[in-house]
Structures are given as C-alpha cells and as structure tokens.
Q: 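What follows is a structure written as structure tokens; I'll ask about it next.
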Amino acid sequence: QVQLVESGGGLVQAGGSLRLSCVASRSIFSNNVVGWYRQAPGKQRELVAAITNGGRTNYVDSVKGRFTISRDNAKKTVYLQMNSLKPEDTAVYYCNYRNLIGSGPEYWGQGTQVTVSS
C-alpha cells in the first residue's frame, strides 16, 4: 500500500492563495499520474489537476490560470499552488496516485479542507 498525506489546506479569503502538498510513502509506478481532486458538500468528486511522471499536466477549465500543479520526485511530493481563490473552490481536496495507463490499484489521501470565504 502507498500512503498519501495531504496538507496545506485552511481558511482563506477570496483572492488569497494556498499551497497544497501530497507526500507519498513510496513510489511503485514508473509511469504514473498524480491528480488533485476535490469534493464540495453535496457534489461529486471532480478532477482539478493532474501531472504525469513526465511532467504533462491538465486542469479543469474552472482553475486554469489560477492553479498550478507540480512535482518533486526526489521528495515524492506533488504540489497544488492555488491562487486567486474563489468561494466555489471550497472543498475537501484529495490527491490520487495511479498508473498512467491501466486498471491497477489507485491510492488516495485522506484529504485536506480548503475553505474560501467571500
């Protein structure tokens, strides 16, 4: 099993910034993707941003230009820099680790709460 631990959430005013971190206990997929997901109350979990081992990224349209995903493989850490936060960004944010292609196991962190006040 791979342990993923998220941190960096908190309460911030609209327009503010937060930087989330996801630290993995180990790396088992040479070709992989790490994604940040979020789930707001009463809503489905959605993919916010993802990054592959090769550095390819993608973002949901609602965060493009505001959020940046990055990774530090030596530290087994993926970051999500969130700028210009909006109240609609309020959610629990989770990181996910899986093979880039395939139906193998995937791993989730426990989540970190992000609350953006207006």
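Only this structure's heavy atoms are used, side chains among them; waters, hydrogens and symmetry mates stay out.
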Q: Should Asn58 and Leu47 be marked as a side-chain contact (heavy atoms from CB on, under 4.5 Å) after you check the CA-CA gap, both sets of side-chain angles, and the distance that decides it?
A: CA-CA 10 Å; Asn58 70 283; Leu47 177 65; 4.0 Å; yes
Q: Of the non-hydrogen atoms in Ser21 and Thr77, which two are nearest, and what is the gap between them?
A: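 For Ser21 and Thr77, the tightest heavy-atom pair comes out as CB-CG2, 4.3 Å.
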Q: Quick check for you: to the nearest 0.5 Å, what is the distance between Gln110 atom CD and Cys95 atom SG?
A: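 The distance works out to 8.5 Å.
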Q: How long is the straight-line distance from CD of Gln81 back to CD1 of Ile69, given to the nearest 0.5 Å?
A: 12.0 Å
Q: So, for Ala50 and Val33, which heavy atoms are closest and what is the spacing to 0.1 Å?
A: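 Heavy-atom minimum between the residues: CB-CG2, 3.9 Å.
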Q: Does Val116 reach the side chain of Glu88, with side-chain heavy atoms less than 4.5 Å apart?
A: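 Answer no - side chains too far apart.
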Q: Counting C-beta onward and ignoring hydrogens, is there a side-chain heavy-atom pair between Arg38 and Glu46 closer than 4.5 Å?
A: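 Yes; the side chains approach each other to less than 4.5 Å.
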Q: Using side-chain contact (heavy atoms from CB on, under 4.5 Å) as the criterion, point out the one residue from Leu11, Thr112, Val12 that pairs with Leu18.
A: Val12
Q: Would a single hydrophobic cluster contain both Leu4 and Val78, if residues Ile, Leu, Val, Met, Phe, Trp and Tyr are joined by side-chain heavy-atom contacts under 4.5 Å?
A: yes
Q: Sequence neighbours left out, what passes side-chain contact (heavy atoms from CB on, under 4.5 Å) with Asn99? Give chain and number order.
A: Phe29
Q: Are the side chains of Asn32 and Arg71 in touch, meaning some heavy atoms are under 4.5 Å apart?
A: yes
Q: I need the minimum non-hydrogen distance between Asn53 and Asn73, along with the two atoms involved.
A: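 For Asn53 and Asn73, the tightest heavy-atom pair comes out as O-ND2, 4.3 Å.
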Q: Any salt bridge between Lys64 and Asp61, counting N to O under 4.0 Å?
A: yes
Q: Any chain of hydrophobic side-chain contacts (each under 4.5 Å) joining Val63 to Val114?
A: yes
Q: Check whether any side-chain heavy atom of Leu20 lies under 4.5 Å from a side-chain heavy atom of Glu6, and answer yes or no.
A: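 Heavy-atom side-chain distance check fails, nothing below 4.5 Å.
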Q: May I have all residue pairs that pass ring-ring contact (aromatic ring centres under 6.0 Å, His included) and include part of residues 33-81, sequence neighbours excluded?
A: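 Matches after skipping sequence neighbours: Tyr37-Trp108.
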Q: Report the distance from atom OG1 of Thr52 to atom CG of Asn31, rounding to the nearest 0.5 Å.
A: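 Result: 8.5 Å between the selected atoms.
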Q: With the 4.5 Å side-chain cut-off for hydrophobic clustering, are Tyr93 and Val60 part of the same group?
A: yes
Q: Would you say Arg26's side chain and Gln3's backbone share a donor-acceptor pair under 3.5 angstrom?
A: no
Q: Using 0.5 Å steps for rounding, measure from the OG atom of Ser25 to the OH atom of Tyr97.
A: 9.5 Å
Q: What's the shortest heavy-atom distance between Asp89 and Ser84, and which atoms?
A: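 Minimum heavy-atom separation between Asp89 and Ser84: OD2-O, 4.5 Å.
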Q: Group every Ile, Leu, Val, Met, Phe, Trp and Tyr by side-chain heavy-atom contacts under 4.5 Å, then state whether Ile51 and Tyr107 land in the same group.
A: yes
Q: Rounded to the nearest 0.5 Å, what separation is found between the CG atom of Leu100 and the CZ atom of Arg56?
A: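 Going from CG on Leu100 over to CZ on Arg56, the span is 5.5 Å.
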Q: Quick check: closest heavy atoms across Pro87 and Ala14, and the distance to 0.1 Å?
A: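 Looking at all heavy atoms of both residues, the closest pair is CD-CB, 4.1 Å.
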Q: Write down the atom of Asn83, the atom of Ser17, and the distance for their closest heavy-atom approach.
A: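 Shortest heavy-atom contact: OD1-OG, 2.8 Å.
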